[in-house]
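Okay, so here's the structure we're looking at.
Small disclaimer: the values here were computed from a predicted structure and weren't measured. First the proteins, then the strands, lettered A, B, ... as listed; each starts at 1.
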Amino acid sequence: MIDPKVLRESPDVLRESQRRRGEDVAVIDRLVELDRQRRQAQHDYDELRAEQKQLSKQIGPLQGAVKKNPDDAGAKAELDALMARAGGLSDQVKQADAEATRAAQEADEAWLLVSNIVDMRSPVGGEEDFAVLEVVGTPRDFSTEGFAPRDHLELGEILGAIDVERGAKVSGSRFYFLTGPGALLELALLNLAVAQATSYGFIPVIPPVLVSPRAMEGTGFLGQAAENVYRIESDDMYLVGTAEVPLAGLHSDEILPADSLPLRYVGWSSCFRREAGSYGKDTRGIIRVHQFDKVEMFVFCRPEDAESEHERILGWEREFMDKLEIPYRVIDVATGDLGSSAARKFDIEAWIPTQGTYREVTSTSNTTEFQARRLGIRMRDGDETRALATLNGTLCAMPRVIVALLENHQRADGSVSVPPALQPFLGTDVLRPS
RNA sequence: GGAGGGAUGGCCGAGCGGCCGAAGGCGACGGUCUUGAAAACCGUUGAGGCGUAACCCGUCUCCGUGGGUUCAAAUCCCACUCCCUCCGCCA
């Protein structure tokens with residue numbers, strides 16, 4: 001949700017944002033009208049209600065007087081007159097209340113359709129229109145090393161680390177088992193990631209992954225992204241696609257002291273994604289799966305600090321990739337690919353040798369005040385209470401990092417060398433075929 | 001799943017249907033006193049909408065959520081949600 005003041009004072013900002021996203025612009029005009037209606041209806045109700053309260057206040061004492069002195073015909077007549085007026089007013093109040101409620105509901109529903117205002121620096125366009133900000137590291141040239149690289153699935157099978165066949169047997173396509181060294185690799189990555197995050201003051205969290213509609217909607221995942229969300233219909237719950245959802249909800253309906261910010265959490269959770277509409281894409285291996293584990297950073301901070309915090313989060317993501325010694329590039333995601341809650345988004349894409357291209361491994365979004373407003377998270381700054389900003393960023397998405405790690409560090413004999421930073425957590429400097 | 005109890009402001013906790021946005025206490029903040037602190041005393045202390053913007057002021061809404069009764073609901077009635085205790089089942 002966006003500050004309603006923006007709608008009233010400069011609706012063109014919203015129109016331009018929607019246009020850049022390639023989303024419905026007309027919804028803004030509708031919203032202007034609904035907003036006006038809501039305020040009008042509320043105002044009408046307030047006036048009627050004030051009148052009613054005033055009348056009611058007179059009735060009480062008068063009733064007492066009549067009771068004490070039943071012969072006072074004057075007081076009795078006055079009381080009857082008041083009751084008659086109040087009775088008529090009561091119906092009007094009820095009607096105005098219903099109208100105000102209806103108008104508010106309609107306006108709220110329309111608001112949910114509006115995505116966050118895009119950062120004007122985000123490149124305009126669709127998925128392919130990203131801007132490359134930086135390229136780090138040099139992909140290995142396997143031809144000069146004299147062998148053709150195996151893909152991650154082949155390596156995973158040789159090492160006894162990945163089993164997609166049995167994953168499919170048990171759960172269907174896009175499911176997998178991490179076994180032996182694969183399972184240990186995930187645990188080592190987890191510990192490396194959490195060690196890094198806690199060293200920077202992040203509070204480690206293991207959150208629920210099954211959440212209420214409120215948390216899902218508040219983080220913006222029930223809009224266009226809804227088709228990729230697993231819903232547990234029998235209980236009206238959702239399986240989260242990222243720890244961002246429960247971490248954002250952690251402080252919902254709370255007012256945080258400004259001096260406690262920035263508040264940084266690092267969550268470890270399973271993530272569930274339906275991957276609807278991706279049939280035929282990334283069908284081999286574990287690049288695109290329905291369930292995986294991820295270490296996610298999440299920050300609550302002052303709106304004026306959000307931009308610098310976004311850079312900081314990107315820095316921590318890069319640091320992690322640097323430790324794993326994987327070549328990557330950083331991209332500035334285009335407006336059409338931001339998702340409803342992000343104003344700006346940076347992805348890190350790792351080099352995947354067998355695909356000869358860079359693939360997304362992390363993503364960090366500045367969601368400004370959008371999620372906070374929807375979830376009722378504010379901060380107390382001096383004597384004012386106002387919205388705060390939230391940001392999120394991937395520290396380590398297990399399957400894709402494992403893919404990048406295996407492919408980039410493989411040797412001719414099918415073994416995989418372990419980058420020094422990870423060795424203490426894995427307890428070995430090389431993974432060998434079993 | 002069965003039985004019972006509960007939900008009020010940052011926290012604890014009172015609240016005959018009208019004078020209740022709500023006593024009292026704690027905490028926090030400001031002040032007096034003090035060399036400084038503590039204590040004591042005095043004062044302030046929820047959120048949101050609207051009234052064109054700020055301040056003041058005014059007004060409305062909010063006592064778990066939704067509905068109902070009533071001229072009038074924190075208070076009465078109904079449903080739901082959540083929490084606690086006991087029993088059963090269970091990782």
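- At whole-Å resolution of the value, NZ in A:Lys94 and P in B:G67 are 12 Å apart.
- Taking 4.0 Å as the cut-off between side-chain N and carboxylate O, A:Asp163 and A:Arg166 count as a salt-bridged pair.
- Across all strands, A:Arg378 comes closer than 4.0 Å only to sugar-phosphate atoms, never to a base (heavy-atom distances).
- For A:Asp259 and B:C29, the CG to C1' distance is 13 Å, given to the nearest whole Å.
- Around the CD1 atom of A:Ile206, the shell of radius 6.0 Å holds no more than 12 heavy atoms that belong to other residues, nucleotides or ligands.
- With a cut-off of 3.5 Å on both pairing distances, the Watson-Crick or G-U wobble partner of B:G51 is B:C57.
- B:G4 and B:C62 have their C1' atoms separated by 30 Å, with the value rounded to a whole Å.
- If you take atom C1' in B:G27 and the same atom in B:G46, they sit 14 Å apart, rounded to whole Å.
- Side-chain proximity of A:Ala50 to B:A72, B:C50, B:U59: nearest is B:U59.
- In this structure, A:Leu55 places its CG atom 13 Å from P of B:C71, rounding to the nearest Å.
- Between the CZ atom of A:Arg49 and the C1' atom of B:C50 there is a distance of 16 Å, rounded to whole Å.
- Heavy atoms only, all atoms of each residue included: A:Trp111 and A:Pro4 are closest at CZ2-CA, 3.9 Å.
- Base pairing annotation: B:C76 forms a Watson-Crick or G-U wobble pair with B:G68, both donor-acceptor distances under 3.5 Å.
- Protein atom CG of A:Leu256 is 15 Å distant from nucleotide atom C1' of B:A47, rounded to whole Å.
- Side-chain proximity of A:Arg380 to B:A72, B:G46, B:U61: nearest is B:G46.
- Two rings, from A:His290 and A:Phe272, have their centers 6.0 Å or more apart.
- One interatomic measurement links the two molecules: CD of A:Gln42 to C1' of B:C50, which rounds to 7 Å at whole-angstrom precision.
- A salt bridge is defined here as a Lys NZ or Arg NE, NH1 or NH2 lying under 4.0 Å from an Asp or Glu carboxylate O, and A:Arg15 with A:Asp12 meets this definition.
- With both ends at atom C1', the span from B:G30 to B:C86 equals 50 Å, rounded to whole Å.
- Across B:G49 and B:U44, the matching P atoms stand 25 Å from one another, rounded to whole Å.
- Look at CH2 on A:Trp111: it is 13 Å from P on B:G49, rounded to the nearest Å.
- Residue contacts for A:Arg386: at a heavy-atom cut-off of 4.0 Å it reaches no nucleic acid atom on any strand shown.
- Distances shown here put every side-chain N or O of A:Arg38 at or beyond 4.0 Å from the OP1 or OP2 atom of B:G49.
- Using atom C1' as the reference point in both B:C20 and B:C60, the two lie 16 Å apart (nearest Å).
- In this structure, the ring of A:His251 has its center no less than 6.0 angstrom from the ring center of A:Phe298.
- In this structure B:C41 sits in a base pair with B:G31, meeting the Watson-Crick or G-U test at under 3.5 Å.
- Within the 4.0 angstrom heavy-atom criterion, only backbone atoms of the sugar-phosphate kind lie near A:Gln52; the bases stay farther away.
- Nucleotide B:G1 is matched to B:C87 when pairs are restricted to Watson-Crick or G-U wobble geometry with both distances under 3.5 angstrom.
- Comparing the P positions of B:G25 and B:G13 gives an interatomic distance of 16 Å, to the nearest angstrom.
- Rounded to whole Å, the separation between the P atoms of B:G21 and B:C26 comes to 25 Å.
- Between the base of B:G49 and the side chain of A:Asp46 there is a donor-acceptor pair shorter than 3.5 Å.
- Taking 4.0 angstrom as the limit, A:Ser90 places none of its side-chain polar atoms (N or O) nearer than this to OP1 or OP2 of B:U70.
- A salt bridge is defined here as a Lys NZ or Arg NE, NH1 or NH2 lying under 4.0 Å from an Asp or Glu carboxylate O, and A:Glu309 with A:Arg264 meets this definition.
- A close approach under 4.0 Å does occur between a side-chain nitrogen or oxygen of A:Thr385 and OP1 or OP2 of B:A47.
- As a whole-Å value, the separation of A:His43 NE2 from B:U61 C1' is 14 Å.
- The partner of B:C16 cannot be assigned: no Watson-Crick or G-U wobble pair with both contacts below 3.5 Å exists in any strand.
- Between A:Lys5 and A:Arg39, it is A:Arg39 whose nearest contact on RNA chain B lies nearer the 5' terminus.
- Pairing partner, B:A7: B:U81, with both Watson-Crick or wobble hydrogen-bond distances short of 3.5 Å.
- Checking A:Lys53 against A:Glu9, the closest nucleotide of RNA chain B that is more toward the 5' end is the one next to A:Glu9.
- B:G10 sits 14 Å from B:A22 when the P atoms are compared, rounded to a whole Å.
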